[in-house]
Amino acid sequence: MKTLHDFLNELKITKRELDKARQYAGLFKIQKPDGTYVKGSEALVEGQLEIFYALVFRPHNRINIVSCTQYGKSLTVALACIILTCIKRKKVAVLAPTDKKTKLIMRYFLEHLGDSSLFFVQLEANTKLERLRQEERKERIILRNGGGIYTISAQAGNSKKGIEAAIKKGADIVILDEAGLIPDEIEATIFRMIAGRGEHGCYVKIGNTFYSEPPYENFYKSTFDPRYLQIFIDYKQALKEGRYTQDFIDDARDKPMFDVLYECR
């Protein structure tokens, strides 16, 4: 298993940069299964911190992440988006295949926006965090510092309108969550969002390779593309990090798509 240390060595990351990543993660309060809260720097396991670091510091402007299911990807992405928007003043667009998935990212974002005054102080004047959390269909948040996040669903019926609107807004960082389930035509359209931004534009894909042929081959192809920074986390790593138990994996082996969802093949 490639460790976080190996990952950072490959990218020639300094201890100072890693300490900064942990410092950022430490601003969050993560609830444990027993109901207690710990700092994000203590809660995030190595693979999650690897994803967090890659999104926040963007050592490459093309990042491809293949990870086993229920690893905590959505939470980690949301935490990174808070740092990007509230502290680094970036505009982030998150595209997911369904309304449900985009709502999950935004729910995590709003849930942890109140973890530090460094975050929620960036809300527009007279904007109440609790009211935002109650808005079920909230898709866009623009902050006082110029940063912001908006989510886009590729779900049939509303994808074309939403994507065209998103392209007009522009974004510094575009994240495709569950990229393996986003059609190639839509992926090509969303890719245009970073056109013209050069080295300042960052394009991130996260998910599992459910398909390897059109019309869903874009994620499979980027998984083998040397232009992307590749992050790979399978069930073996998750097991060692305590994200899974051996009993759970033994049961999961009898379920459909174990090779895709857990072995990440």
Side-chain angles (χ1 to χ4, degrees), residues 21 24-25 27-28 40 48 51-65 72-99 101-116 118-124 127 129 132-133 135 137-154 159 162-179 182 186-187 189-207 228-229 231:
Y24 280 146
L27 295 171
F28 298 103
Q48 291 172 320
I51 294 171
F52 182 81
Y53 178 91
L55 295 179
V56 170
F57 288 92
R58 303 179 307 287
H60 286 246
N61 61 7
R62 300 287 185 274
I63 303 170
N64 195 83
I65 302 168
K73 299 187 295 292
S74 295
L75 172 61
T76 305
V77 168
L79 299 183
C81 285
I82 291 175
I83 299 298
L84 289 168
T85 56
C86 296
I87 294 182
K88 293 183 172 288
R89 305 179 180 184
K90 299 296 184 181
K91 289 186 176 69
V92 181
V94 180
L95 177 72
T98 64
D99 292 337
K101 193 64 177 179
T102 60
K103 288 179 183 177
L104 178 61
I105 296 287
M106 187 61 83
R107 185 165 73 244
Y108 279 136
F109 184 93
L110 291 172
E111 178 183 337
H112 290 281
L113 195 60
D115 285 357
S116 169
L118 291 174
F119 307 148
F120 61 78
V121 73
Q122 296 300 336
L123 290 173
E124 292 288 354
T127 300
L129 184 55
L132 282 177
R133 288 171 174 168
E135 293 183 19
R137 296 188 60 81
K138 190 68 177 176
E139 297 176 347
R140 182 185 183 195
I141 297 175
I142 300 301
L143 303 174
R144 300 172 69 174
N145 63 8
I149 182 174
Y150 51 93
T151 59
I152 315 156
S153 169
S159 58
I163 289 172
E164 288 178 348
I167 290 173
K168 292 177 182 178
K169 295 187 190 105
D172 304 300
I173 299 135
V174 178
I175 300 172
L176 273 60
D177 196 22
E178 297 293 354
I182 295 175
I186 291 179
E187 188 272 339
T189 302
I190 210 75
F191 183 77
R192 289 167 45 205
M193 291 177 62
I194 59 171
R197 293 183 177 268
E199 62 182 15
H200 301 292
C202 184
Y203 195 55
V204 183
K205 293 184 178 184
I206 307 172
Y228 283 76
L229 168 65
I231 297 177

Trainee: Mind listing the closest non-hydrogen atom pair of E187 and L176 along with its distance?
Mentor: CG-CD2, 3.7 Å
Trainee: Any cation-pi pair here, K88 with F57, using under 6.0 Å and within 45°?
Mentor: yes
Trainee: Output all residues satisfying ring pair (Phe, Tyr, Trp, His ring centres under 6.0 Å) with F119, sequence neighbours left out; order by chain, then residue number.
Mentor: F28
Trainee: Donor-acceptor pair, R58 side chain versus V56 backbone, under 3.5 Å?
Mentor: yes
Trainee: Are L104 and D177 side-chain neighbours, meaning at least one heavy-atom pair lies under 4.5 Å?
Mentor: no
Trainee: I need the I141 CD1 to L110 CG distance, nearest 0.5 Å.
Mentor: 4.0 Å
Trainee: Using every non-hydrogen atom in the two residues, find where P97 and S153 come nearest and quote the distance to one decimal.
Mentor: O-OG, 4.1 Å
Trainee: How would you list, by chain and number, every residue that makes a side chain to side chain contact (heavy atoms under 4.5 Å, CB included) with I142, sequence neighbours excluded?
Mentor: R140
Trainee: Quick one: pull up CD1 in I175 and SG in C81 and give me the separation to the nearest 0.5 Å.
Mentor: 4.0 Å
Trainee: Might you point out which heavy atoms bring P59 and L229 nearest each other, and give the distance in Å?
Mentor: CG-CD2, 4.0 Å
Trainee: Can you list the residues that meet the salt bridge (Lys or Arg N to Asp or Glu O under 4.0 Å) rule with D115, with sequence neighbours excluded?
Mentor: none
Trainee: So, the side chain of N145 versus the backbone of C86: is there a donor-acceptor pair under 3.5 Å, distance only?
Mentor: yes
Trainee: If you round to the nearest 0.5 Å, how far is OG1 of T151 from CE of M106?
Mentor: 4.5 Å
Trainee: Please find the pair of heavy atoms, one from S116 and one from L27, that lie closest to each other, and give the distance.
Mentor: CB-O, 4.1 Å
Trainee: Does Y108 have any ring pair (Phe, Tyr, Trp, His ring centres under 6.0 Å) partners at least two apart in sequence or in another chain, and if so, which?
Mentor: none
Trainee: Which residues pass the side-chain hydrogen bond (donor to acceptor under 3.5 Å, both in side chains) test with N64, not counting sequence neighbours?
Mentor: S222, T223, Q230
Trainee: Could I get the full list of side chain to side chain contact (heavy atoms under 4.5 Å, CB included) partners for R144, not counting sequence neighbours?
Mentor: Q122, E124
Trainee: Mind checking ring pair (Phe, Tyr, Trp, His ring centres under 6.0 Å) for Y203 and listing every partner two or more places apart, or none if nothing turns up?
Mentor: F191
Trainee: As an exercise, state the distance from NZ of K138 to NZ of K103, rounded to the nearest 0.5 Å.
Mentor: 14.0 Å
Trainee: Using modelled atom types only, decide if a donor and an acceptor are shared between the side chain of R89 and the backbone of G146 within a distance under 3.5 Å.
Mentor: no
Trainee: Any side-chain heavy atom of L84 sitting closer than 4.5 Å to one from D172?
Mentor: no
Trainee: For T85, check side chain to side chain contact (heavy atoms under 4.5 Å, CB included) against everything at least two apart and list the hits.
Mentor: V92, F109, L143, I149
Trainee: Minimum heavy-atom separation for L113 to I82, with atom names?
Mentor: N-CD1, 3.8 Å
Trainee: Using the side-chain hydrogen bond (donor to acceptor under 3.5 Å, both in side chains) criterion, which residues pair with S74? Sequence neighbours excluded.
Mentor: K101
Trainee: So, taking the atom named CG in D99 and the one named CD1 in I152, what distance separates them when rounded to the nearest 0.5 Å?
Mentor: 12.0 Å
Trainee: Is any side-chain heavy atom of H112 closer than 4.5 Å to a side-chain heavy atom of L79?
Mentor: yes
Trainee: To the nearest 0.5 Å, what is the distance between CD1 (I190) and NZ (K205)?
Mentor: 11.5 Å
Trainee: Determine the minimum heavy-atom distance between G114 and R133, stating which atoms define it.
Mentor: N-NH2, 3.7 Å
